[in-house]
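Worksheet: the structure to be examined is printed underneath.
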Amino acid sequence: MLGNMLDTMQLNEQQQKAVECKDAAGMVDTSPLLIIAGAGTGKTNTIAHKTAQLILNGESPDKILLVTFARRAAGELSSRANRIIEQQQYKKNKNKQRHQPIKMSWMGTFHSISARLLREHATAIGLESDFTIMDRNDSADMMDVIRHELNFTSTDRRFPKKKTCLDIYSRCVNSQQALEDILDAHFPYCREWHQELKTLFATYAKAKMEQICLDYDDLLLYCYHMAQVPQIAQQIRDQFDYILVDEYQDTNVLQAGILMGFFPTGKGLTVVGDDAQSIYSFRAANVDNILTFPEQFSPPARVISLTQNYRSHQSILDLSNALLSEGSEGYKVALFSERKSGAKPKLVTVEDDTKQAEYIVETLLAAREQGVELKKQAILFRASHHSDRLELELTRRNIPYVKHGGLKFLEAAHVKDLLSIIRWADNPKHKISAFRILKLLPSVGPKIADKVINMLTEKQYVFSELLDFPVPALAKTLFLELIKVVSAIGNNEIGWSAQVNQVISVYKTLLEINYDDHFVRFGDIEQLAQISQQFSSRERFLTELTLDPPQSTGDLSGPPLIDDDFLILSTVHSAKGQEWNNVYVLNVADGNFPNEYAAGDKRSLEEERRLLNVAITRAKNELHLIHPMRYWVPEQQRHGDQHVYGAKSRFLTEGIMQLLEATQFPRRELNEKEKKVATAAITDIKKTVLGIWNE
DNA sequence: CACCCAAACTTTTTT
DNA sequence: AGTTTGGGTG
């Protein structure tokens, strides 16, 4: 995917230096290292080579810890490292014997590695090792229940929504900052609720403990605190000789704290990243982590920059370089490419989002005519809903596409239902799941569900005790069936695949009762059953699925999509690490790039600049920045149906404009001759259309 | 107490 | 356009 395939086995001088890591005397150097890898500079390849090199030198794969940003990247890295090892061994002894594929067991995201370390060392820190991991939705639901219980909802002023509450909480944890500071900086409109929020969060934390649940933030938080326990830290330190961390620019205080806690001297530690692509501050990522990394150690860590870009041609890089140089912080590494010629990036001004959609469809179809498959083109945008108008147009014209960062498979109500049954069986204390399932029974609502859960608590979480609970008559049969299944699963009376079958057979009825479109939904359920069998156990299934949710429905069924050629629609955030021949960026106007909520604060503004930079540097050949003069803003309901006039993005300064080719769409009026043809044609067509009635 | 409907209110990006 | 809240009905 990345870079030029021909270059896979060959490294340039900078990459070689980053891989080899020897000191002046030619001795192996394990002192801390920072690799600044600009966009498209073959970062993945370099890390893969480095890993392969270590293994070829005799290092055990089990002693290498590889931390990536997303699971996707981990898979790519591992297969590439294996390819390199295979090639090298073949070169060395020319034997036909294929080596056993290396299995890197310690490879994953900070969250998944943390989960694993916590399960292993749970007893040492007084934690149950079979904790349930809650995804964002579970956590939000739990927040919701608690804020109702605390009576924060029935007040004259409206309390923040459950998701907002969770966002605030999450930010406090991940940045390790006080609630008041977070509210002032990022949620000023919730400031008045700070006392209630504090109570809410305290109760939420307690509830999680009672129900043996850890949310995403807890995984890091617990691990961070575990790293402060000297004996455990030492044990984990001894477990690893080399630690490689990718996308370091997007780590937060907790993640950096985990690293520094376990590996304070930085021995064997390599972090890789690009501060110019740090775009996750809303998740409390802190660019300072990468900016100050070298000074964390004495002597300071070495820094190697990769600056040769293998993706784009020079005029795209010129734009990126110029954009970044107008920013106010960072390592400011200018990228260069050997491809000196290429079309100047375009800034296309269109009237509104309808015209924007038209322009894109027209241009990308023209490109396809020229031989650029849809797959090699992508539409990028700031927020998920920005592509709504375009999606309509694509559907109308039968252009297949896949959207990343949109509605997730796991967010579909029926998928959540099914998972809830399994989760509840897995962890009877998991109230959120229990509540969700029970409410699906006919004539069972919040009150009855609550009673059932209380009963279960009283009876020490033994499911069979529920069998004679007085549920409403209508619910009786289903209720009994449900409890029997859940009980059997919880006790592991049957194997994993039988468990799934039983759950589905109960849920099928519930699905039919609760959803009109149950036919369509059942398809997803069957798909989920298929996926479940790829995992060896229930615990693995639940953990993996919450930590690495599939990006789109297409991910699950594998490659056989509707068509083999399809267009990619993606948020800029989800587009990280990817590349396409032609890239179209939607709504490049003030309000989006930069986002209006970020424009006030200097640091957020810089992040917006980097976000635009990420979008730009995805393009290999053609880059189209589209600037609608008016666009629809759904939040602006104050005056009803309203368009907002998008001012030109403040990032497009005069210097930047020099590097862009500014055009209009529609390009021009028809000339006289064309007008005549058009008029004649439409007259004829109208005649024909009416003609059929006049026969 | 469950369920349905109408009105009010919305801050983007995601492991 | 989707979520959340409150009110009315059965």
Side-chain angles (χ1 to χ4, degrees), chain A residues 67-74 108-115 133-137 139-140 144 147-148 153-164 166-168 170-171 174 186-190 215-217 219-220 247 250-252 254-255 278-285 380-386 388 404-408 410-411 438-451 472 474-475 514 544 546-549 551 570-576 587 591-600 604 607-608 610-611 614-615 632-638 641:
Chain A
V67 188
T68 55
F69 185 75
R71 193 72 120 253
R72 214 172 255 266
T109 59
F110 265 102
H111 290 86
S112 72
I113 303 259
S114 297
I133 301 171
M134 296 198 290
D135 67 9
R136 286 300 268 191
N137 289 306
S139 310
D144 198 35
R147 78 194 175 133
H148 276 110
T153 40
S154 38
T155 42
D156 42 341
R157 290 270 297 132
R158 208 166 166 127
F159 197 71
K161 289 203 289 198
K162 60 178 180 184
K163 246 197 101 214
T164 313
L166 186 63
D167 286 346
I168 300 172
S170 191
R171 199 146 185 160
N174 281 300
H186 305 286
F187 302 88
Y189 65 101
C190 298
D215 62 19
Y216 284 154
D217 309 326
L219 291 174
L220 301 181
E247 307 281 10
D250 287 322
T251 54
N252 61 37
L254 276 182
Q255 291 164 324
S278 169
I279 53 176
Y280 277 85
S281 75
F282 69 92
R283 235 169 68 186
L380 304 183
F381 35 86
R382 175 71 221 245
S384 224
H385 68 263
H386 286 164
D388 289 353
H404 291 266
L407 178 80
K408 309 270 171 13
L410 292 182
E411 279 162 20
L438 291 169
K439 274 195 307 183
L440 292 176
L441 296 166
S443 59
V444 174
K447 279 282 146 63
I448 294 176
D450 207 45
K451 279 185 196 158
L474 274 171
N514 287 282
E544 305 280 313
T546 30
L547 286 180
D548 185 32
Q551 292 288 305
S570 172
T571 58
V572 179
H573 283 88
S574 304
K576 190 156 80 160
N587 297 338
N592 279 315
F593 291 99
N595 186 296
E596 55 187 316
Y597 304 114
S604 340
E607 175 152 320
E608 297 292 310
R610 297 190 293 260
L611 195 63
V614 169
W632 171 243
V633 180
E635 302 92 54
Q636 292 267 321
Q637 92 295 334
R638 273 203 307 270
D641 189 36

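Below, chains carry the letters A, B, ... as their sequence lines are ordered, and counting in each starts from 1.
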What's the [atom1]-[atom2] distance between [X] and [N], to the nearest Å?
{"X": "A/Lys163", "N": "C/dT4", "atom1": "NZ", "atom2": "C1'", "result": "15 Å"}
{"X": "A/Met134", "N": "B/dT15", "atom1": "CE", "atom2": "C1'", "result": "15 Å"}
{"X": "A/Phe110", "N": "B/dT15", "atom1": "CZ", "atom2": "C1'", "result": "12 Å"}
{"X": "A/Arg136", "N": "B/dT15", "atom1": "CZ", "atom2": "P", "result": "11 Å"}
{"X": "A/Asp215", "N": "B/dT14", "atom1": "CG", "atom2": "P", "result": "19 Å"}
{"X": "A/Phe187", "N": "B/dT10", "atom1": "CZ", "atom2": "C1'", "result": "15 Å"}
{"X": "A/Asn595", "N": "B/dT13", "atom1": "CG", "atom2": "P", "result": "10 Å"}
{"X": "A/Asn587", "N": "B/dT13", "atom1": "CG", "atom2": "P", "result": "13 Å"}

*Which part of the nucleic acid does A/His186 contact within heavy-atom distance under 4.0 Å: base, sugar-phosphate only, or nothing?*
nothing

Quick one: is [N] close enough that its OP1 or OP2 comes under 4.0 Å of any side-chain N or O from [X]?
{"X": "A/Arg147", "N": "C/dT5", "value": "yes"}
{"X": "A/Lys576", "N": "B/dT14", "value": "no"}
{"X": "A/Ser384", "N": "B/dT12", "value": "no"}
{"X": "A/His385", "N": "B/dT13", "value": "no"}

Minimum-distance nucleotide to [X] side chain [options: [options]]:
{"X": "A/Lys162", "options": "C/dT5, C/dT4, B/dT12", "answer": "C/dT4"}
{"X": "A/Tyr216", "options": "B/dT15, B/dT14, B/dT12", "answer": "B/dT15"}
{"X": "A/Thr571", "options": "B/dT15, B/dT11, B/dT13", "answer": "B/dT13"}

_For B/dT14, is there a stacking contact with A/Phe282, counting only centres under 5.5 Å and planes under 30°?_
no

Please name all residues satisfying side chain to side chain contact (heavy atoms under 4.5 Å, CB included) with [X], sequence neighbours left out, ordered by chain then number.
{"X": "A/Ser112", "value": "A/Arg71, A/Thr109, A/Leu547"}
{"X": "A/Ala449", "value": "A/Phe435, A/Leu438, A/Lys439, A/Val444"}
{"X": "A/Val67", "value": "A/Leu65, A/Phe110, A/Val245"}
{"X": "A/Asp217", "value": "A/Arg136, A/Tyr169, A/Ser170, A/Val173, A/Asn174, A/Asp215"}

Using a cut-off of under 3.5 Å, enumerate the N/O to N/O pairs linking the protein to nucleotides 2-5 of chain B.
residue: B/dA2; atom: OP1; partner: A/Gly445; partner atom: N; Å: 2.8
residue: B/dA2; atom: OP1; partner: A/Gly445; partner atom: O; Å: 3.4
residue: B/dA2; atom: OP1; partner: A/Ile448; partner atom: N; Å: 3.2
residue: B/dA2; atom: O5'; partner: A/Gly445; partner atom: N; Å: 3.4
residue: B/dC3; atom: OP1; partner: A/Ser443; partner atom: N; Å: 3.1

_Rounding to an integer number of angstrom, what distance separates C/dT4 and B/dT13 when you compare their P atoms?_
16 Å

*With DNA chain B as reference, determine whether A/Leu220 or A/Pro188 sits nearer its 5' end, using the nearest nucleotide of each.*
A/Pro188

*For the pair A/Val572 and A/Arg382, evaluate side chain to side chain contact (heavy atoms under 4.5 Å, CB included) and give the outcome as yes or no after the intermediate values.*
CA-CA 6 Å; A/Val572 179; A/Arg382 175 71 221 245; 5.6 Å; no

_Is there a side chain to side chain contact (heavy atoms under 4.5 Å, CB included) between A/Lys576 and A/Phe69? Walk through the geometry before answering._
CA-CA 10 Å; A/Lys576 190 156 80 160; A/Phe69 185 75; 3.9 Å; yes

*When you look at A/Phe282 and A/Arg171, which way does the side chain to side chain contact (heavy atoms under 4.5 Å, CB included) test go after all the steps?*
CA-CA 8 Å; A/Phe282 69 92; A/Arg171 199 146 185 160; 4.1 Å; yes

*Under the side-chain hydrogen bond (donor to acceptor under 3.5 Å, both in side chains) test, which residues partner A/His573, sequence neighbours left out?*
none

